[in-house]
Amino acid sequence: MQVISPADATVVATVAAATREDLDSALRAARHAQRAWSRTSLRHRMEVMLRVATLIERSAEELARIVVSEVGKPITEARGEVQGAIRYFTYFAHLLDGVTDEIVPRTAESEEIWIRRVPHGVVGAIIPWNYPAALTARKVAPAIAAGNAVVLKPHEQTPLSSLYLAALFAEAGVPDGLVNVVPGAGPDIGQALVTHPETDLVTMTGSVRAGRSILRDAAERITPVSLELGGKAPLIVLADADVAAAAKAAVESRFANAGQVCISAERVYVHESRHAEFVDALRAEVAGLRVGDPMDPATRLGPKVTEAERDKVEAMLAAALESGAELLAGGGRPEGEGFARGWWMNPAVLGSVTDDMPIMRQEIFGPVMPLTSFTDTADVVRRANDSEYGLSAYLFTNDFRQVMRLVDDLRFGEVYVNRIGPEDVAGYHSGFRRSGLGGDDGRHGLDFYWQRQTVYVNWA
């Protein structure tokens, strides 16, 4: 498989596409390694994981450049992603210090009940292309902390970060076979991984379409599944909010990684009394976004990941304009020698949008921000909740009573108040409705990688 640079459409690398036989070998290796790993002490696992974190830190700049080469995101964002990968290993390593099992008080003479945490076995992990380094760490770190082995399928467009991390795992002393990276096409290798009899648990980040397919495939063997799927995050600015701060946050959230973030602010609602002020602040922020070479630290917006992705977003933008939306800022493609190749778009802000437009209902996953207004707080909450997605939402207000009321009413797995993402590994990243099933991160995310075994002990 060829890995293509989104910035200039050149071939970055050629990677072997796994066969079904390769996948079988990886799963057998994982099963063999997991048996021994599950018997190691939590202290030993913690030490190995901290060595992984140290090696990623040592190689942080090289890994960040690999992320840029295959995703196209600005180098500053790639460096942040690598730091996130480090934190996944340090966080879950230290979280093992607080792990306990349960002993139920005696229910009869000379008897106890033990409730133990035990690993599932072999975890099949499937990740998308937008955060290949961080998502590899997000899946691998808690899985091996809990005593599992992992077979990970990266997206076929972005396998390099996962493969690079796999080499660091080996160097850190992760046993051979415990973590396997198997690049290949989703309909082939991904589906085979989900349905394979050696796969005991599936964790996937990706699209709703892929999530449905995985649920269907996993149902045959009743394999446990965790899915983090799409988002259509509303960003709500109440009348009392700091408009300048909210506009700055909206731009950072919407245009990070060229809008290719599942928790990105995909639709913005501003109180009517502050709408004009917000638009002025937004235009100033968008005007300051530098589109250019993603390896340049001054760049804030890189290319879309593929030509097909760019064409999809441009079509959505054109359809919105044809339906009556107004272009408030940006739009088009950047011009100049540096943009002759690759899949570039300028950021765009749309006004005069209505809630029934596809641009307000479908996930854009690109650098386009639709903006509308509201007058009634209860009504804007209703409009925000009127979505098939329920991953993230943003609220800007200085009224704490409004915070408590709206957090209670917003039906989203994550609500950010007066701030934006990224999410923190100490939280719990989960979605409502079609945005997912289960979740990642924190103590609850780690808990997913264990089963409970109950042991009835009689020593009479």
Side-chain angles (χ1 to χ4, degrees), residues 231-239 241-261 263-292 299-304 309-335 339 344-376 379-380 383-384 386-387 392-397 420:
K232 190 68 179 176
L235 187 147
I236 302 171
V237 182
L238 298 188
D242 182 332
V243 164
K248 181 179 178 63
V251 167
E252 290 179 358
S253 175
R254 172 66 280 189
F255 299 114
N257 195 20
Q260 300 167 135
V261 187
I263 67 167
S264 174
E266 284 251 343
R267 47 197 171 119
V268 179
Y269 301 87
V270 182
H271 192 273
E272 187 177 54
S273 65
R274 310 298 298 278
H275 183 266
E277 182 185 356
F278 186 88
V279 169
D280 289 343
L282 199 64
R283 283 177 169 142
E285 290 290 337
V286 171
L289 289 177
R290 177 172 174 176
V291 182
T299 294
R300 292 185 60 191
L301 192 69
K304 285 282 293 173
E309 278 290 316
R310 183 194 60 188
D311 292 349
K312 178 204 75 174
V313 176
E314 286 184 332
M316 294 182 74
L317 175 59
L321 292 171
E322 289 172 6
S323 298
E326 176 190 1
L327 188 63
L328 299 178
R333 295 181 184 178
E335 298 177 351
F339 306 109
W344 299 91
M345 285 185 69
N346 285 324
V349 179
L350 292 177
S352 302
V353 294
T354 57
D355 289 352
D356 60 344
M357 288 182 177
I359 201 89
M360 288 289 281
R361 305 201 66 81
Q362 298 172 7
E363 188 175 29
I364 305 168
F365 226 61
V368 178
M369 177 194 294
L371 168 68
T372 188
S373 62
F374 68 93
T375 55
D376 180 74
D379 185 55
V380 78
R383 293 165 66 189
D386 183 21
S387 172
S392 303
Y394 301 90
L395 174 64
F396 284 82
T397 177
I420 56 172

Using a 3.5 Å cut-off and no angle test, enumerate the donor-acceptor pairs between side-chain atoms of residues 312-319 and protein atoms at least two apart in sequence or in another chain.
from	atom 1	to	atom 2	distance (Å)
Lys312	NZ	Glu309	OE1	3.4
Lys312	NZ	Ile364	O	3.3
Glu314	OE1	Arg333	NH2	2.9
Glu314	OE2	Arg333	NE	2.8

Quick one: list whatever passes ring-ring contact (aromatic ring centres under 6.0 Å, His included) with His275, sequence neighbours left out. none
Roughly how far, to the nearest 0.5 Å, is CD of Glu272 from OG of Ser373? 5.5 Å
Distance-minimising heavy-atom pair for Met369 and Leu282: SD-CD2, 3.7 Å
On a heavy-atom basis, the closest approach of Pro334 and Trp344 is CG-CB, 3.6 Å
To the nearest 0.5 Å, what is the distance between CZ on Phe255 and CD on Glu285? 10.5 Å
Among pairs that include at least one residue of residues 309-334, which meet ring pair (Phe, Tyr, Trp, His ring centres under 6.0 Å), considering only residues two or more places apart or in two chains? none
How far apart are the closest heavy atoms of Phe278 and Ala250, and which atoms are they? CZ-CB, 4.2 Å
I'd like to know if Glu363 pairs up with Lys232 as an ion pair, taking the criterion as any Lys NZ or Arg NE/NH1/NH2 lying under 4.0 Å from an Asp or Glu carboxylate oxygen. no
Apply side-chain contact (heavy atoms from CB on, under 4.5 Å) to the pair Val237 and Tyr269, showing each step before the final yes or no. CA-CA 6 Å; Val237 182; Tyr269 301 87; over 6 Å; no
Go through the structure and list residues passing ring-ring contact (aromatic ring centres under 6.0 Å, His included) with Phe374, not counting sequence neighbours. His271
Return yes if some donor-acceptor pair links the side-chain N/O of Asp242 with the main-chain N/O of Ala244 below 3.5 Å, else return no. yes
Do the side chain of Arg254 and the main chain of Val368 share a donor and acceptor less than 3.5 angstrom apart? yes
When rounded to the nearest 0.5 angstrom, what is the spacing between CD1 in Ile420 and OG in Ser392? 11.5 Å
For Arg274, enumerate each residue passing the side-chain hydrogen bond (donor to acceptor under 3.5 Å, both in side chains) test, keeping only those at least two apart in sequence or located in another chain. Glu277
For the backbone of Gly330 and the side chain of Asn346, can you confirm whether one donor and one acceptor N or O come within less than 3.5 Å of each other? no
Name every donor-acceptor pair, under 3.5 Å, that has one atom in a side chain of residues 352-359 and the other anywhere in the protein, sequence neighbours excluded.
from	atom 1	to	atom 2	distance (Å)
Ser352	OG	Glu326	OE1	3.4
Thr354	OG1	Asp356	OD1	2.5
Asp355	OD1	Arg383	NH2	3.2
Asp355	OD2	Arg383	NE	2.7

Just verifying a value: how many Å separate Lys304 NZ and Gln260 CD, rounded to the nearest 0.5 Å? 3.5 Å
